[in-house]
Number of protein chains: 4
Amino acid sequence: MPRPPGHGPGFEVRRQKIIDVAASLFAEQGYAATSINDLGRAVGLAKGALYYYIVSKENLLIEIQSRVMRPLLSRARQIAELDEDPLLRLRLLSESLLTIIFRRLDHIWVYEHDYRSLSGDELETLLGQRSDFEHLVSGLLAEAVDQGIFRALQPRLATLQFLNLHNHTYQWVRPEGQWDAAFLSREYCATLFRGFGASDNALPDVEERAAAFKRDRPDLPLDPEAEWTPAAVGG
Amino acid sequence: MPRPPGHGPGFEVRRQKIIDVAASLFAEQGYAATSINDLGRAVGLAKGALYYYIVSKENLLIEIQSRVMRPLLSRARQIAELDEDPLLRLRLLSESLLTIIFRRLDHIWVYEHDYRSLSGDELETLLGQRSDFEHLVSGLLAEAVDQGIFRALQPRLATLQFLNLHNHTYQWVRPEGQWDAAFLSREYCATLFRGFGASDNALPDVEERAAAFKRDRPDLPLDPEAEWTPAAVGG
Amino acid sequence: MPRPPGHGPGFEVRRQKIIDVAASLFAEQGYAATSINDLGRAVGLAKGALYYYIVSKENLLIEIQSRVMRPLLSRARQIAELDEDPLLRLRLLSESLLTIIFRRLDHIWVYEHDYRSLSGDELETLLGQRSDFEHLVSGLLAEAVDQGIFRALQPRLATLQFLNLHNHTYQWVRPEGQWDAAFLSREYCATLFRGFGASDNALPDVEERAAAFKRDRPDLPLDPEAEWTPAAVGG
Amino acid sequence: MPRPPGHGPGFEVRRQKIIDVAASLFAEQGYAATSINDLGRAVGLAKGALYYYIVSKENLLIEIQSRVMRPLLSRARQIAELDEDPLLRLRLLSESLLTIIFRRLDHIWVYEHDYRSLSGDELETLLGQRSDFEHLVSGLLAEAVDQGIFRALQPRLATLQFLNLHNHTYQWVRPEGQWDAAFLSREYCATLFRGFGASDNALPDVEERAAAFKRDRPDLPLDPEAEWTPAAVGG
DNA sequence: AATGAATGAGCATTCATTCAT
DNA sequence: TATGAATGAATGCTCATTCAT
């Protein structure tokens, strides 16, 4: 991102502070609902001055996204390349991801909510980074399957479960609450690793019973929007 | 035969179609970024005529939310009250939730993304409904713990894992794709029920090894934003 | 005002009722702030049906104006032409004017407030009628001066005083209140006839004292917007 | 030298000019019928720039009202508290009121016509100020009655006559015309003070004759809307 | 005689951005 | 560096009016 030439020493510092504030405002009110005026007020700078530091509102979004995505991806790559078994690497990657969610909750809100406000090029970059991250996870999961640690999972579906579990955390987590990133990581991985594990200790009949239920109770369809049929009175 | 005052027979039909279109636009571009003009264009109606059918933009949001939340909650309550074991009920509730996500994906997008655009009263109602749904899940999980089917879980955290796994699905699911709601429900429940299950077959040492890693490799902190310390060369 | 041909017997009745309602709404909220929708609701007719009876919103204004102005002018002419002394005729005309103010208070509100919403032609007609009425008053006042009943007044200024006193009544009068038109007319005429009367019983020195005050107290200018000068401390 | 944040030196000047123009437009066309676009055009500023100076359209109304009401009330209070006889104070107050009508004719138009466009709080304030002013007049008139300068008048009705006579002036006065505020005040007070005066020089029989007329001429009712009865031909 | 539906212009207001100073 | 001032397009919404039925 080329900056106009000839900036004083404080320029970058202030610029970063402005992005901080923008992230917090965007997280609170949403990107579209936050005006440049709001930002100026929160920063204590007139609108005109603001534009000395920022190039556009959309650019703030880009910077916020990459603040989160760049270090995460870089650390994730390091972890994935460690010479450790896949389970440990997954566990470390999980904690890494949760750590940044805890530390940059507002950035994550913006990242998760407003990435669709980006236009073509930038959106593509971002989606590329997301995809890169997903592939790191996929790779580790596949290794675990290959090594027989996990049962035979569809790798894509296992990845999505891993990501669902972690990524949705931003919706409810309180960084100052009772749980920290390490704890959540331990819990999530306990669930996932047991859940994905090879040993066949599942609760074996629940699927059959579910199938039976669907067959025997047409009056209570699982589709919430389906009509309610009065229960068949058995003979 | 003069019709009673109010609206003609086609009114409600068209109104519902307009809400359909709104849901799809809001899902695509976000609520704040979609203008009433956009909606009019998509519907093929001038702005003025649009307002013959809708009461306000925000009201569209409300209608979309409740289209999703009302049937879901009602069906979820029926399921929770069934005289079946908690595992089966969780499984049915899971499929119910995923079914509505598949059938009303755009509504769910709006529901998940733009609920914060609602003002006081409506937001409160919505959050109340969300909370009601969560309590249904919590109750079933607690039953499973009580009956010794699941190990001793923090009920709140188990609930959040259940919800993370399901709710984040809207982010990537393709209703016309290879998987359907029943399949995803089976997979998610397999993961969760094994993961939450009582039998102690976890992969026991991963936590110790993670702790050791954090101790031995201060050069590779899990926080993606922490400084990279050149690896200590051990002696 | 040509009406479309072929109306049933109830047409004119209903039309008049609609104008009644319009007058009351316009009086309450102002012409510009009252919508045709408001009118439809108040009348119990859909907008479309309304236009079967009215030609336009502005036309309602015209009808309301002439409902008030036509009978008033006609009666005023009859009174002015009576073979009675000017004082009596002024007194009768005063009561006539106040009577219509009492009976048609809402029309008068509209008449006084919103006549400027009329466009060229109609406005001219209205102003012509106003002017006709004023000339009737002027004529009677001039007669009274000629006959020596009133002192030598500038006829225009006397007319304006007569009209000010009467016309502003609509601003505060309550038709169901303690006073009726006859009473107000008696009081107004008592004031005006004494005030205009020939006998020189004025309170003679108030003008001199007013002049003195203005001279001696430059610190308290009568112009409310003039600067306050600290009072000159006398020696 | 960086100026403190807020507004430059020309801001308030321009702001006041905008309110001036608004007052003149509102007076000409009415508040509701004047658009912010009209104002922008008249001021030579794009709509966006206009809002840099004004807070809202309604706020313009408020500013206009208080421009007129604040100085008037303040000056009126000073006059009412003077150590002079009530007649002189009434005369001075009359001139004060007329002076502001002359100087701020457009403001007065707005004040008199569009006060009902104000919403709750502001309307209450305004009505309170109007009432305060009326009480000042009432007090002086009551003093004059108590001192026997005026005959026994109903104080409320006397006040309303005073106000009718003065306040309706804005409807026809031309500030650049032949009359000025001092002249009108002299004339109005001459009428009122004689009219209210104690000496019993009224034209005593006009009321009896009016009563007789009403009795004897049922064919010519004073109500302009009453049916015309063909005159009874007397014997 | 009356309706529901539609229109297009207009409304007050907000916004991201620019620029001379 | 920072400001106040300006712009023009866009926003959600209302309105008087029309018209096929």
Side-chain angles (χ1 to χ4, degrees), chain A residues 4 6-8 10-11 14 32-40 44-58 60, chain B residues 1-11 14 32-40 44-60, chain C residues 4 6-8 10-11 14 32-40 44-58 60, chain D residues 1-11 14 32-40 44-60:
Chain A
H7 288 307
F11 179 87
R14 186 140 207 190
T34 302
S35 79
I36 288 288
N37 239 343
D38 293 342
L39 181 55
L45 226 40
K47 255 188 304 187
L50 219 53
Y51 273 88
Y52 179 71
Y53 293 99
I54 72 178
V55 358
S56 73
K57 194 185 171 191
E58 191 185 358
L60 285 170
Chain B
M1 198 173 307
R3 228 179 288 114
H7 293 298
F11 179 87
R14 184 138 208 191
T34 302
S35 81
I36 287 289
N37 250 340
D38 292 343
L39 181 55
L45 230 35
K47 246 187 317 183
L50 217 55
Y51 273 91
Y52 180 69
Y53 294 97
I54 72 178
V55 357
S56 72
K57 194 187 172 191
E58 191 185 357
N59 186 262
L60 284 172
Chain C
H7 286 309
F11 179 87
R14 186 139 207 191
T34 302
S35 80
I36 288 288
N37 239 344
D38 293 343
L39 181 56
L45 228 38
K47 254 187 306 186
L50 219 54
Y51 272 89
Y52 178 70
Y53 293 98
I54 72 179
V55 358
S56 74
K57 194 186 171 191
E58 190 185 357
L60 284 171
Chain D
M1 197 174 310
R3 229 181 284 115
H7 293 297
F11 179 86
R14 184 138 207 192
T34 303
S35 81
I36 287 288
N37 248 341
D38 293 342
L39 181 55
L45 229 37
K47 249 188 312 187
L50 217 54
Y51 273 90
Y52 180 69
Y53 293 98
I54 72 178
V55 357
S56 72
K57 195 187 171 190
E58 190 185 359
N59 186 262
L60 284 172

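Letters A, B, ... mirror the listed sequences (proteins, then strands); counts begin at 1. These numbers were taken from a predicted model, which means no experiment stands behind them.
Comparing D/Lys47 and C/Lys47 against DNA chain E, the residue whose closest nucleotide sits nearer the 5' end is C/Lys47. A residue-by-residue look at A/Gly10 and C/Ile36 shows that A/Gly10 has its nearest nucleotide of DNA chain F further toward the 5' end. Mapped onto DNA chain F by nearest heavy atom, A/Gly48 and B/Ala33 fall at different nucleotides, with A/Gly48 at the one closer to the 5' end.
Rounded to whole Å, the distance from CG on C/Leu39 to P on F/dC15 is 13 Å. Here E/dT17 presents its P atom at 13 Å from CG of A/Asn37, a figure rounded to the nearest Å. Between A/Asp38 atom CG and E/dC15 atom C1' there is a gap of 10 Å when expressed in whole angstrom units. Atom CG of D/Leu50 is separated from atom P of F/dA6 by 10 Å (rounded to the nearest Å).
Residues of residues 51-60 of chain B that place a heavy atom closer than 4.0 Å to DNA chain F, in numerical order, are B/Tyr51, B/Ser56, B/Lys57.
Between A/His7 and the phosphate of F/dT1, there is no side-chain N or O to OP1/OP2 separation shorter than 4.0 Å. Taking only side-chain nitrogens and oxygens, A/Ser35 never comes nearer than 4.0 Å to OP1 or OP2 of E/dT14. Side-chain nitrogen and oxygen atoms of A/Arg14 include at least one within less than 4.0 Å of the OP1 or OP2 phosphate oxygen of F/dA2.
Between C/Leu45 and C/Arg14, some side-chain heavy-atom pair lies under the 4.5 Å cut-off.
Between D/Tyr53 and D/Phe11, the ring planes are parallel. Angles under 30° get that label, and only those over 60° would be called perpendicular.
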Secondary structure of DNA chain E in dot-bracket form (Watson-Crick or G-U wobble, distances below 3.5 Å, | marking inter-strand pairs): .||||||||||||||||||||
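Each of E/dT7, F/dG12, F/dT3 was ranked by its minimum atom distance to the side chain of B/Ala49; first place goes to E/dT7.
Nearest heavy atoms, C/Ile36 versus C/Lys47: CG2-CG, 3.8 Å.
Contact annotation for A/Leu45: backbone-only contact, meaning every heavy-atom pair under 4.0 Å involves sugar-phosphate atoms and none involves a base.
A/Glu58 contributes atom CD, which lies 10.0 Å from atom CG of A/Leu60 (distance to the nearest 0.5 angstrom).
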